[in-house]
**Q** 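Next up is a structure, given as structure tokens.
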Amino acid sequence: MKVVIIGAQWGDEGKGKIVDYLANEAQIIVRFSGGANAGHTIVSGGEEYALHLIPSGILYPDKIVVLGAGMVIDPQALFSELSMLNDRGIKTEGRVFISDRAHLVLPRYIEIDKQRDAGRKKPIGTTGRGIGITYSMKSDRDGIRIADLSWKEKMDDLESSDREFLEPHADRLKAMSVDLASFIKHHCNAQILFEGAQGVLLDLDNGTYPYVSSGMSCAAGAAVGGCVGPRALDKILGVFKAYSTRVGNGPFPSEFDEDEGSEASRSSEVSRKSEASLSRFVRNTGREYGVTTGRPRRCGYLDLVALRYACFTNSIDSLVMTHLDVYDTLDEIKACVAYRIGGRVIEDFPASISDLNAAEPVLRSFPGWKRKLSGCLNYEEFPTAAMEYIEFIERFCETPIGIVSVGYDRKETIIRKSPWRG
Ligand code: IMP
Ligand code: MG
């Protein structure tokens, strides 16, 4: 069985924790997109790990993990992550593989990425990891793949600084490389988890272009970057938070208004906390700071217009809701159910950045549950108000919510329906 996990918002939905949880029943975990721009936080056995490149299944001693063909790999970042894991007692030898079709990030791409974004009139706010440059070299047909390390003519033709950078890493990278298509064919009866990075709204095609990353963070990316056909994928899971966050620039219609002074704005609708204090509350309670860059994340209401769009464009079979516990103490919860754009009410997610920038969220209110959800052992123990919020989202998105996460620990996960069964 092959299960795909993608982010259904702007990244940081808690995919790392969910992949780690579901990896228990998988043999192989394939990360299919992105590079060291990602930051996946996992808590296991009371220890916290931040992963950027290595798939989140690595914390189990017996799982095989593969960095897929759709990824862009910075060898220095990869080897320092492997050392960090080994130093912390996680043995990685012999179970981390890289698709020979994956592309390599060179140090000069990282410099160009930083300079180019700083020079933009409207910076995207990239993570400065060379991601966009590596993907554009790839589409320009000037990229360097893992397989190319064994292609003498190609290596001889490289600029000497690029060759000097790659040479010391080449043997180690080659030793980890696999033909992912034949690897998957040989393991056709295995339980395989395809792990995405970023989220649908940061996907190059589906996202809020140009304020996106450059990889395929959509479900289709699992097929392309995982070296399988789309029909081989059995289940698509979309992970989303009970609210929304975004790092970097770009439109964010349901963003909390951080300006305490703007009384005329939406903040008048918030009964107990102003949006500015709600924003601070969510950021601190949900620890909404970037794992890769440390930047504070922009926070906002759950955007159901965007989530429904993500469900439709990615054939999401089942949603995974995370961070619901962040709302445990609130009297009232709101979610965005439409956009008001220049007098019109829009229920479909627009492509136009100027429409998205102009969009005001139409908010729907839900009563809070005012109880600690992490104490609940199953869904039936959830307070009615929490169930009402969950079930409204299911109806709105026409997609069931199969898993609800109410804390960082593996134990704090409520499974309503396991993707591995039925
Ligand atoms: P890049 O991927 O470094 O090119 O950054 C492009 C945009 O995607 C920026 O707005 C980043 O903040 C955002 N981004 C990239 N990776 C992640 C992620 O893992 N989580 C959240 N945002 C990300
Ligand atoms: Mg992250």
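Counting convention: from 1, in listed order, for ligands and their atoms alike.
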**Q** Looking at N314 and A219, would you say the former's side chain and the latter's main chain have a donor-acceptor pair under 3.5 Å?
**A** yes

**Q** Ring centroid separation for F382 and W369, is it under 6.0 angstrom?
**A** no

**Q** Please name all residues satisfying salt bridge (charged side-chain N to carboxylate O under 4.0 Å, His left out) with D162, sequence neighbours left out, ordered by chain then number.
**A** R108

**Q** Kindly indicate whether the side chain of M176, heavy atoms from C-beta on, has any atom under 4.5 Å from the side chain of V96.
**A** yes

**Q** Please name the pair of heavy atoms, one in I90 and one in R95, separated by the smallest distance, quoted to 0.1 Å.
**A** CG2-NH2, 3.7 Å

**Q** Just to be sure I understand the cut-off, which residues have at least one non-hydrogen atom under 4.0 angstrom from an atom of ligand 1?
**A** W10, D12, N37, A38, G39, I124, G125, T126, T127, Q198, L202, V212, S213, V247, G248, R295

**Q** Under the salt bridge (charged side-chain N to carboxylate O under 4.0 Å, His left out) test, which residues partner E347, sequence neighbours left out?
**A** none

**Q** Excluding waters, which protein N, O or S atoms are within less than 2.8 Å of the Mg ion (ligand 2)?
**A** D12 OD1, G39 O

**Q** Which residue is it: R246, R283, K241, R280? I am looking for the one with a salt bridge (charged side-chain N to carboxylate O under 4.0 Å, His left out) to E288.
**A** K241

**Q** Decide whether T92 and N86 meet the rule of one side-chain donor and one side-chain acceptor closer than 3.5 Å.
**A** yes

**Q** In terms of the angle between their ring planes, are H323 and Y408 parallel, tilted or perpendicular, with boundaries placed at 30° and 60°?
**A** perpendicular

